[in-house]
Amino acid sequence: MYMIDPREVVEQQLAAYNSHDIDAFVATYAEDVVVNRSDGSRLEGRQALRDKYAGQFVEGRCRAEILARLSEGDWVVDHEVAHGLADDPVRVLVAYRVRDGLIDRVDFHG
């Protein structure tokens, strides 16, 4: 049985994010995904994710650059620089957990 490499899934979501393809972006996430944001807020579910990112994608103003990537088991951790969300680039660590070929948990730090 072929197992999907979690790094491949995270790379697919990054490509969709950078090309502003909301359908491809949310397709990389589980229906019941939980996203813990660095401001302490939480998004729950694929529809909440779509609602949060749809405006940014329409405006075409967001792009993420990966400075480094680590992975172990189900987890992939990216050191990212996010462009287009604020006046200056935003540096953040993002931990993605991938299960059954979909991202089911995301933790933003920084």
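Along the sequence shown, residues carry numbers from 1.
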Close side-chain approach of L67 and V81, heavy atoms under 4.5 Å: yes
Under the side chain to side chain contact (heavy atoms under 4.5 Å, CB included) test, which residues partner D107, sequence neighbours left out? N36, W75, A95, R105, H109
Close side-chain approach of V94 to V77, heavy-atom, < 4.5 Å: no
Hey, does the side chain of R91 reach the backbone of H79 with a donor-acceptor pair shorter than 3.5 angstrom? no
Any chain of hydrophobic side-chain contacts (each under 4.5 Å) joining Y17 to L102? no
Keeping to residues at least two apart or across chains, list the salt bridge (charged side-chain N to carboxylate O under 4.0 Å, His left out) pairs with something in residues 61-72. E11-R69, E59-R61, R69-D78
Holding to side chain to side chain contact (heavy atoms under 4.5 Å, CB included), I want the full list of residues that pass it with S19, two or more places apart in sequence or in another chain. D21
Considering non-hydrogen atoms only, spot the tightest contact between P6 and G73 and give its length. CG-O, 3.5 Å
Beyond-backbone contact of V106 with Y29, side-chain heavy atoms, under 4.5 angstrom: yes
Residues R50, D23: salt bridge by 4.0 Å N-O rule: yes
Transitive ILVMFWY cluster of I66, excluding itself - 4.5 Å side-chain cut-off: L14
Within the distance-only criterion (no hydrogens, no angle test), does the side chain of H83 pair as donor or acceptor with the backbone N or O of C62 below 3.5 angstrom? no
Please report the closest heavy-atom contact between I22 and A54, naming both atoms and the distance. CD1-N, 4.0 Å
Do V10 and L93 share a hydrophobic cluster (ILVMFWY, side-chain heavy atoms under 4.5 Å, transitive)? no
Is it possible for you to say whether V90 and F108 belong to one hydrophobic cluster, with membership spreading through side-chain heavy-atom contacts below 4.5 Å? no
All heavy atoms of A82 vs all of L85, minimum pair found to be CB-CD1, 3.8 Å
Can you tell me how far the CG atom of D51 sits from the CZ atom of R46, to the nearest 0.5 Å? 13.0 Å
V9 and I103: side-chain contact (heavy atoms from CB on, under 4.5 Å), yes or no, with the steps? CA-CA 7 Å; V9 176; I103 300 165; 3.8 Å; yes
Kindly state each residue pair satisfying ring-ring contact (aromatic ring centres under 6.0 Å, His included) with at least one member in residues 34-54, sequence neighbours excluded. F25-Y53
Has R97 got more than 12 heavy atoms of other residues, nucleotides or ligands less than 6.0 Å from its CZ? yes
Value for CG (L49) from OG1 (T28), rounded to nearest 0.5 Å, stands at 8.0 Å
For R37, enumerate each residue passing the side chain to side chain contact (heavy atoms under 4.5 Å, CB included) test, keeping only those at least two apart in sequence or located in another chain. V35, D39, S41, L43, K52
